[in-house]
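Input: a single structure, listed below in structure tokens.
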Amino acid sequence: MSENVRVRFAPSPTGSLHIGGARTALFNLLFARHNNGTFVLRIEDTDTERSTEESTQQIIRSLKWLGLDWDEGPEKGGDFGPYFQSQRLELYKKEVDRLLAEGKAYYCYCSPEELSERREAALKAGKPPKYDGRCRNLTPEQRKKFEDEGRPYTIRLKMPEEGQTAVEDLIRGTVVFDNSVLDDLIIVKSNGIPTYNFACVVDDNAMKMTHIIRAEEHLSNTPKQIQTYLALGYEIPKFAHVPMILAPDRSKLSKRHGATSVEEFRDQGYLAESIINYLTLLGWSPEGTEEIFDMDKAIREFTLERVNKTAAIYDVKKLTWINGHYMRELDLEYITEQTIPFMIKKGIITEEEARDNFDYIKKVVEISRDRAKTLDELADTISFFFKDVTEYEEKGVKKHFSKENAAKLLTLGAEALEKLEDFTHDKTEETFRNITADMGLKAAEIIHPTRLAITGRTVGPGLFDIIVLLGREKTVERMRKAAQWISNKSN
RNA sequence: GGCCCCGUGGUCAAGUGGUUAAGACAUCGCCCUUUCACGGCGGUAUCAGGGGUUCGAAUCCCCUCGGGGUCACCA
């Protein structure tokens, strides 16, 4: 089956790409690449009310940012385009006409109001809210009457009333549905535009899809789609319904759960590589026990057989851990480039300064990135290299500035650094250690207050790495200023 | 409510009749150390419940319970 595998990701542009959608796209891509197949992106914009150009752009942007590149689709073209359903209306019409001519579909003149009334009535009576099929066998006279009244109509597909429809699912096995639960589904809305279930089937066939990999929420729709394939005389593709991703409270993902869209994660400082790695392991697992999995490795190992059936709750903590890993392991220049936009956004540096001082920023990132979990956090923790220290962390003041010799040590340290010939990591460290050793103190006695003095914080990279990068002038100045600050405070 | 899917620690998750039930995140403790991270070592914690089948069940069957999905002129 590795020949000519064709799969697609088919989002509707009615919102941003959330992590569930991203995972579905990922699995499609992984499957396609693993089998040397083709990954198609198709935009399902048949809902003219809710579809927006903005959503389309956002989804495309997110997909690209994640590195989920498609072979055919918007911006790429391909032999089976166009890849927007709104541009394929003629095809659908042709297929609907065929169904109508063959007596497999019919006009329905029931209004949405009537339908929902009946649905509610049925629900109240404890019956399944199924379409009663009253327009299924309209006489020519009845039809003419409705037409003359100018009633809008939809087109419905006749579903078999007896028997069963089996979905052969690659992940779940055979799932059987009684045809009696199937409604005559609407395939064309009264505005003349086909519905999802229909357009999707027509396109998957026209675009020669071999496997339909999508979220589990579509499993219940699948028997209807299979009947549509049958009515149209199409070959039925293989189905694989991947488990859903749930919010921490086990409910379906939604806005109120905080960050769920790919762009929100991006804006919080997560790397695309981390999201891909995390999503790869959510619902799929490799044969080994590795947790760090880049896309290339995932492509090599991905199979549908190892996708599990259970819905997964996403856990930001693990994502954050993975992000921390990539923060320190990925190429330094790349991480630096990724960090700069966050620095600019926070007003730590300007775009121009970033350009002029790239190499310096890179050095700063080099000594700092080990401790940051996100790009956003990294930008915060390195701000003191570019901005003056305006306040000192309170618990640090209590711990390190309140000792009686703190101000004195800072002054001594500053004086020594001013006179130092080689302003290097080792020399500055030696200097500090000598000062404390002469006084019978531990080096920590000067290291901690100095860190607080020059960074404003109690945590951070190794002090002498900081000092060397910050430079003699700023280091000395900040140490003196802190010594002064302590004296003022104690008076 | 009908139908469908699912049920291994707090979370992800390996496991396909015989295992001391892996591993990871989180959490707790210790070590390393100029702080914080990283790293190393160790601990707590899981087969939803009940019946079967079997010499033997996390693995097979049934029931119950729980969670989710779906029943739109949304996708």
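Heavy-atom basis, side chains included; hydrogens, waters and symmetry copies ignored.
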How far, in whole Å, is [M] from [N] if one measures between their [atom1] atoms?
N: rA22(B); M: rG42(B); atom1: P; result: 14 Å
N: rG9(B); M: rU46(B); atom1: P; result: 9 Å
N: rC47(B); M: rC30(B); atom1: P; result: 29 Å
N: rC6(B); M: rC63(B); atom1: P; result: 15 Å
N: rA26(B); M: rA58(B); atom1: P; result: 31 Å
N: rC38(B); M: rC25(B); atom1: P; result: 10 Å
N: rC4(B); M: rU64(B); atom1: P; result: 13 Å
N: rC3(B); M: rA14(B); atom1: P; result: 30 Å

Which listed nucleotide ([options]) is nearest to the side chain of [X]?
X: D315(A); options: rU11(B), rC74(B), rC3(B); value: rU11(B)
X: N308(A); options: rC71(B), rA13(B), rA75(B); value: rA13(B)
X: V459(A); options: rA75(B), rU35(B), rG68(B); value: rU35(B)
X: Y196(A); options: rA75(B), rU35(B), rC73(B); value: rA75(B)
X: T310(A); options: rC6(B), rA72(B), rA24(B); value: rC6(B)
X: K373(A); options: rA75(B), rC5(B), rC38(B); value: rC38(B)
X: D183(A); options: rG68(B), rC71(B), rA26(B); value: rC71(B)
X: E217(A); options: rU34(B), rC5(B), rU70(B); value: rU70(B)
X: L219(A); options: rC5(B), rC73(B), rC36(B); value: rC5(B)

Using a heavy-atom cut-off of 4.0 Å across all strands, would you classify [X] as base, sugar-phosphate, or nothing?
X: R457(A); value: nothing
X: G462(A); value: base
X: H218(A); value: base
X: P248(A); value: nothing
X: F464(A); value: base
X: S12(A); value: sugar-phosphate
X: R306(A); value: sugar-phosphate
X: S111(A); value: base
X: A443(A); value: nothing
X: T458(A); value: base
X: S285(A); value: sugar-phosphate
X: E44(A); value: sugar-phosphate
X: R172(A); value: sugar-phosphate
X: V176(A); value: sugar-phosphate

Subject >> Basic-acidic side-chain contact under 4.0 Å: E377(A), R371(A) >> reply: no

Original post:
Side chains of Q225(A) and T228(A): is there a donor and an acceptor less than 3.5 Å apart?
Top reply: no

Subject >> N323(A) and T374(A): side chain donor to acceptor below 3.5 Å >> reply: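 No - no donor-acceptor pair under 3.5 Å links their side chains.
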
**OP:** Give none if rC3(B) has no partner; otherwise give the nucleotide forming a Watson-Crick or G-U wobble pair with it, both distances under 3.5 Å.
**Re:** rG69(B)

Subject >> Identified pairing partner of rG39(B), criterion: Watson-Crick or G-U wobble below 3.5 Å >> reply: rC31(B)

When the side chains of residues 438-452 of chain A are checked against the rest of the protein, which donor-acceptor pairs come out under 3.5 Å, sequence neighbours left out?
unit_1: T450(A); atom_1: OG1; unit_2: I446(A); atom_2: O; d: 2.6
unit_1: R451(A); atom_1: NH2; unit_2: P461(A); atom_2: O; d: 3.4

Tell me whether the side-chain N/O atoms of [X] come closer than 4.0 Å to OP1 or OP2 in [N].
X: R433(A); N: rU34(B); result: yes
X: K189(A); N: rC74(B); result: yes
X: K318(A); N: rG10(B); result: no
X: T289(A); N: rA14(B); result: no
X: R119(A); N: rA72(B); result: yes

Original post:
Under the 6.0 Å and 45° cation-pi test, does R156(A) pair with Y131(A)?
Top reply: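 Satisfied, under 6.0 Å and within 45°.
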
Take the protein atom [atom1] of [X] and the nucleotide atom [atom2] of [N], then report the distance between them rounded to whole Å.
X: I187(A); N: rC74(B); atom1: CD1; atom2: P; answer: 14 Å
X: I367(A); N: rU35(B); atom1: CD1; atom2: C1'; answer: 14 Å
X: W321(A); N: rG23(B); atom1: CH2; atom2: C1'; answer: 10 Å
X: I226(A); N: rC4(B); atom1: CD1; atom2: P; answer: 15 Å
X: L182(A); N: rG2(B); atom1: CG; atom2: C1'; answer: 13 Å

Subject >> Presence of donor-acceptor pair under 3.5 Å, side chain of S220(A) and base of rC4(B) >> reply: no

Original post:
Could one point to a donor on the side chain of R328(A) or the base of rC38(B) with an acceptor on the other under 3.5 Å away?
Top reply: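 Flag unset: no donor-acceptor pair detected.
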
**OP:** Select from G288(A) and R451(A) the residue whose nearest nucleotide in RNA chain B is closer to the 5' end of that strand.
**Re:**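 Comparing both residues, the 5'-ward one is G288(A).
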
Subject >> Of L281(A) and K252(A), the one whose closest RNA chain B nucleotide lies more 5' >> reply: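 Going by which nucleotide is closer to the 5' end, it is L281(A).
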
Original post:
Can you tell which of H218(A), R214(A), K309(A), E216(A) makes a side-chain hydrogen bond (donor to acceptor under 3.5 Å, both in side chains) with H241(A)?
Top reply: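 It is R214(A); the other options fail the test.
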
Original post:
At their closest point, which heavy atom of A453(A) faces which heavy atom of F401(A), and how far apart are they?
Top reply: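 Reported closest heavy-atom pair: N-CZ, 3.9 Å.
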
Subject >> Trace of the salt bridge (Lys or Arg N to Asp or Glu O under 4.0 Å) decision for E301(A) with R306(A) >> reply: CA-CA 10 Å; E301(A) 299 196 20; R306(A) 294 193 68 86; over 6 Å; no

Original post:
Ring centroid separation for Y392(A) and W485(A), is it under 6.0 angstrom?
Top reply: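 Centroid separation for Y392(A) and W485(A): below 6.0 Å.
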
**OP:** Please check if the distance between the ring centroids of Y278(A) and Y314(A) is under 6.0 Å.
**Re:**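 No, the ring centres sit 6.0 Å or more apart.
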
